[in-house]
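Encoded as structure tokens, the structure appears first; notes follow it.
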Amino acid sequence: MREILLSQKKERDTLLQKPTTARESLIQTRQTMDNQLIKVVIGPRRSGKSTFAIQLLREKNFSYINFDDERLQNITDTDDLLQNMIAVYGQTPFIFFDEIQNLPRWELLVNRLQRQGLRLIITGSNSQLLSGELATHLTGRYLEHTLLPFSFGEFLSAKKIDPKPLSQTKQDQGVILKHLDDFFLQGGFPEIVVDGISPSPYLKTLYENILFKDIVKRYKVRFIKQLSDLGNYLMTNHCGHMTYTSLMKFLNLKSVHTLQNFTEYLCRTYLIFLVNRFSPTLKTQIKSSKKVYGFDQGMIGAVKFQNFDDRTKILENIVAIELARRKSEFFYYFTRNNKEVDFLVKKGFEAEQLIQVCYDLTVPSTRQREIQALITASEEVGCNDLVILTRSQKGIETVEKKEVRLIPVWEWLLSSPSL
């Protein structure tokens, strides 16, 4: 055990010396480091959770244990583990447990150490970390932070690009658009962006590891092919609508319960997320189809064969990820005459903003369709903040005394959430 922790200490020390890209939430999260609440960082595998925790702890004296190490599987004696940790690091005020969901009954250990006054940072690649074990045992004694792959702002920062001087002229904006095109294809996983790893083989392997290690192994899935088919189908049909009835027929499954479980596993491990239809009645929301989005557009591209017509869908998926990153409460919306609005952003009980996503609005019929859907939805839900996000077009359209703002998506992605 001591030899394992000594080898992990070398890994920790290497991480401490390695130059990293500061995440957008780093300063705000760092301000909470000296309180007693447990800091919980959750998000997809390889999204940079360990690096983020190291950034938070860089000036601190801390111990480190990585439970994603196969040599630490089947640990039962946590007292022996702690004894060896102290032998390697001494008595440190901070402890960093990485991928802690791999330790059986980890929540009991965390609870005990927190009661002893130690300051803990834990990371995990499963959202149930909060909704299940941790919430049950540590109600109100932790701070949650979800870390997704790089945003477009972080993508540019990793490339050493400052967008502010480049937003003034069309020629300079071309530089941003070139990086936006790269962001479309590569996605935001840090090792691809920072280290230049080829996206497709890396993301295919990561996707399969999540399916077969984090889901099949953790949840003891027996119908492995059906799980794999479901994951491939939902990733390939991102931005599409799904119902459990239609998926049961496609996968040849006889149990809705099994299908719901499989879908939940894909959501918990940050492969996909679902968006509900907006309706004043909860019953309609529950019974309506869900829209499916992937947590990284690069991974979507690695799973499916993309073509030219996918541009608007990829753009829509990027916007959905950003809304999730901003912790917005958002839905899709169908008007009474069956026109779809991609996103309805809600604040409190009111619709705050309606957003359409369209890669290119130069075709008049497309422009009219997208604008008319917003105008109709605006009248039905009483919202006058109407936005169309495009690749590069900017302006204001006034229709039926309502203003529709056309905003380049790169500008929106780099803006504050209040734009």
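Bear in mind that the values here come from a model prediction, so they are computed numbers and not experimental data. Quick note: numbers below take in every heavy atom, side chains included, and nothing from hydrogens, waters or symmetry partners.
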From [X] atom [atom1] to [Y] atom [atom2], the distance as rounded to the nearest 0.5 Å:
| X | Y | atom1 | atom2 | result |
| --- | --- | --- | --- | --- |
| Arg218 | Asn102 | CZ | CG | 7.5 Å |
| Gln285 | Phe331 | CD | CZ | 5.0 Å |
| Gln356 | Arg369 | CD | CZ | 8.5 Å |
| Leu251 | Leu259 | CG | CG | 6.5 Å |
| Cys358 | Leu315 | SG | CG | 8.5 Å |
| Leu211 | Leu266 | CG | CG | 6.5 Å |

Side chain to side chain, [X] and [Y], heavy atoms closer than 4.5 Å:
| X | Y | result |
| --- | --- | --- |
| Arg12 | Ile54 | yes |
| Leu247 | Leu230 | yes |
| Met33 | Leu57 | yes |
| Glu403 | Leu386 | no |
| Ile355 | Leu389 | yes |
| Thr263 | Leu274 | yes |
| Ser125 | Thr269 | no |
| Lys49 | Ser47 | yes |

With Leu354 as reference, evaluate Ile375, Leu374, Asp342, Asp385 under the side-chain contact (heavy atoms from CB on, under 4.5 Å) test and give the passing residue.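 Running side-chain contact (heavy atoms from CB on, under 4.5 Å) over Ile375, Leu374, Asp342, Asp385 with Leu354 returns exactly one hit, Leu374.
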
Taking side-chain contact (heavy atoms from CB on, under 4.5 Å) as the criterion, tell me which of Leu414, Thr390, Val319 meets it with Val409.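 Only one of Leu414, Thr390, Val319 forms a side-chain contact (heavy atoms from CB on, under 4.5 Å) with Val409, namely Val319.
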
Any donor-acceptor N or O pair under 3.5 Å, side chains [X], [Y]:
| X | Y | answer |
| --- | --- | --- |
| Asn66 | Glu11 | no |
| Ser151 | Glu322 | no |
| Thr376 | Lys339 | no |
| Gln116 | Gln114 | no |

With side chain to side chain donor-acceptor pair (under 3.5 Å) as the criterion, how do Gln101 and Glu99 come out once you've worked through the C-alpha distance, each side chain's angles and the decisive distance to 0.1 Å? CA-CA 6 Å; Gln101 78 276 351; Glu99 297 294 352; 2.9 Å; yes

Parallel, tilted or perpendicular for [X] and [Y], by the 30°/60° rule?
| X | Y | value |
| --- | --- | --- |
| Phe330 | Phe273 | perpendicular |
| Tyr332 | His241 | perpendicular |
| Phe278 | Tyr333 | tilted |
| Phe155 | His179 | perpendicular |

Carboxylate-amine/guanidinium proximity below 4.0 Å for Arg45 and Asp68: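 Yes, charged N to carboxylate O under 4.0 Å.
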
Asp310 and Tyr359: CA distance, side-chain angles, deciding distance, side chain to side chain donor-acceptor pair (under 3.5 Å) verdict: CA-CA 10 Å; Asp310 285 334; Tyr359 189 89; over 6 Å; no

Side chain to side chain donor-acceptor pair (under 3.5 Å) between Thr29 and Arg23, intermediate numbers included: CA-CA 10 Å; Thr29 309; Arg23 305 304 291 263; over 6 Å; no

Test applied, ring-ring contact (aromatic ring centres under 6.0 Å, His included); reference residue, Phe67; option that passes from Trp106, Phe97, Phe96: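 For Phe67, the ring-ring contact (aromatic ring centres under 6.0 Å, His included) check succeeds only for Phe97.
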
